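Since the structure comes first, as structure tokens, the remarks are kept for the end.
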Amino acid sequence: EVDLVESGGGSVQAGGSLTLSCAASGLTVADSTMGWYRQTPGDQCELVSRYSSDAITYTKDSVKGRFAISRDNAKNTLYLQMNSLKPEDTRVYFCVAPRSRDDTWTIWAVCGNRLRYWGQGTQGTVSS
């Protein structure tokens, strides 16, 4: 059974940093394309960053240069380092993994949809 557990959220002032972690079980991070989505209004999620099994990364333009995705294969954990945080980054962040190797990583997705594995989410809050 696949389980994704996010941690590392919290509250910071604008300009501060948070490091999100996604501890995976039932799935090998090194062999999987995984990513981070964050919640938007209307039960939608937008793709923030993605890390492929071949170590090819994608990062949303609005956070590029501030956010960095990485993985620790030994710990079977995916990370999202978030620096220079802005109030608009205040979101619930989800760790996501595919249910099949044919999964298409879309820019927008319904949060928690059953086509993928989703963590429970971790809240990042950025104050002005």
Side-chain angles (χ1 to χ4, degrees):
E1 179 177 331
V2 172
D3 192 29
L4 305 174
V5 180
E6 302 102 332
S7 61
S11 182
V12 297
Q13 293 183 324
S17 298
L18 289 170
T19 301
L20 307 184
S21 299
C22 173
S25 61
L27 174 152
T28 301
V29 168
D31 296 334
S32 303
T33 295
M34 300 179 65
W36 293 91
Y37 281 81
R38 66 185 184 183
Q39 192 174 37
T40 62
D43 197 32
Q44 297 291 303
C45 275
E46 63 179 3
L47 180 62
V48 178
S49 191
R50 182 182 64 233
Y51 198 113
S52 78
S53 58
D54 295 325
I56 298 171
T57 62
Y58 160 85
T59 304
K60 180 179 173 63
D61 285 344
S62 63
V63 303
K64 191 175 298 182
R66 300 190 295 118
F67 292 10
I69 193 169
S70 63
R71 70 187 184 195
D72 187 328
N73 294 340
K75 295 182 178 180
N76 209 40
T77 299
L78 184 75
Y79 300 95
L80 184 66
Q81 178 66 45
M82 304 191 295
N83 299 322
S84 301
L85 285 163
K86 305 174 181 179
E88 54 262 42
D89 296 319
T90 296
R91 307 280 189 88
V92 176
Y93 289 78
F94 296 91
C95 179
V96 180
R99 289 184 180 270
S100 76
R101 68 182 184 88
D102 296 326
D103 183 49
T104 299
W105 287 82
T106 55
I107 301 301
W108 293 92
V110 177
C111 300
N113 76 76
R114 298 173 66 181
L115 298 177
R116 297 172 178 170
Y117 297 109
W118 295 73
Q120 81 284 356
T122 186
Q123 175 72 48
T125 301
V126 185
S127 60
S128 300

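Bear in mind the structure is a predicted one, so any value in this text is a computation, not a measurement. Note: hydrogens, waters and symmetry copies are ignored here, and every other heavy atom, side chains too, is used.
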Gap separating the [atom1] atom of [X] from the [atom2] atom of [Y], nearest 0.5 angstrom:
X: F67; Y: T57; atom1: CZ; atom2: OG1; value: 14.5 Å
X: L80; Y: S70; atom1: CG; atom2: OG; value: 8.5 Å
X: K64; Y: T59; atom1: NZ; atom2: OG1; value: 6.5 Å
X: T106; Y: L115; atom1: OG1; atom2: CG; value: 9.0 Å

Once salt bridge (Lys or Arg N to Asp or Glu O under 4.0 Å) is applied, what residue pairs with a partner in [range] remain, sequence neighbours excluded?
range: residues 115-128; answer: D103-R116
range: residues 119-128; answer: none
range: residues 17-26; answer: none

By the rule that ILVMFWY residues connect when side-chain heavy atoms come within less than 4.5 angstrom, directly or transitively, which residues belong alongside I107?
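Same cluster as I107: Y37, L47, Y58, V92, F94, V96, W105, W108, W118.
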If hydrophobic residues (ILVMFWY) are linked whenever their side-chain heavy atoms come closer than 4.5 Å, directly or via other members, who joins V5 in its cluster?
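In the cluster with V5 there is nothing else; it is isolated.
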Does any part of the side chain of L20, heavy atoms only, come nearer than 4.5 Å to the side chain of E6, both counted from C-beta?
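Of all side-chain heavy-atom pairs linking L20 with E6, none is under 4.5 Å.
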Any side-chain heavy-atom pair of Q13 and V126 under 4.5 Å
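No, too far: nothing below the 4.5 Å cut-off.
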Verify, without hydrogens or angle tests, whether D3 (side chain) and G26 (backbone) share a donor-acceptor contact under 3.5 angstrom.
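No; judged by distance alone, with no hydrogens or angles, the pair does not exist.
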What pairs of residues pass the disulfide bond (SG atoms under 2.5 Å apart) test when at least one of them lies in residues 54-128, not counting sequence neighbours?
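Pairs touching residues 54-128 that pass the test: C22-C95, C45-C111.
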Qualifying side-chain hydrogen bond (donor to acceptor under 3.5 Å, both in side chains) pairs with a residue from residues 88-98, counting only residues at least two apart or across chains
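For residues 88-98, and leaving out neighbouring residues, the side-chain hydrogen bond (donor to acceptor under 3.5 Å, both in side chains) pairs sorted by first residue read R38-D89, R38-Y93, E46-R91, R66-D89.
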Under the side-chain hydrogen bond (donor to acceptor under 3.5 Å, both in side chains) definition, can you give me all pairs with a residue in residues 26-36, not counting sequence neighbours?
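Every candidate side-chain hydrogen bond (donor to acceptor under 3.5 Å, both in side chains) pair involving residues 26-36 fails, so no pair, neighbours aside, qualifies.
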Please name all residues satisfying side chain to side chain contact (heavy atoms under 4.5 Å, CB included) with [X], sequence neighbours left out, ordered by chain then number.
X: A55; result: Y51, R71
X: S17; result: Q81, N83
X: T77; result: S21, A23, K75, Y79

Given the rule in the side-chain contact (heavy atoms from CB on, under 4.5 Å) test, do M34 and L4 qualify, once you have shown the distances and angles that lead to the verdict?
CA-CA 11 Å; M34 300 179 65; L4 305 174; 3.9 Å; yes
Residues in side chain to side chain donor-acceptor pair (under 3.5 Å) contact with D54, at least two apart in sequence or another chain:
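D54 satisfies side chain to side chain donor-acceptor pair (under 3.5 Å) with no residue once adjacent residues are dropped.
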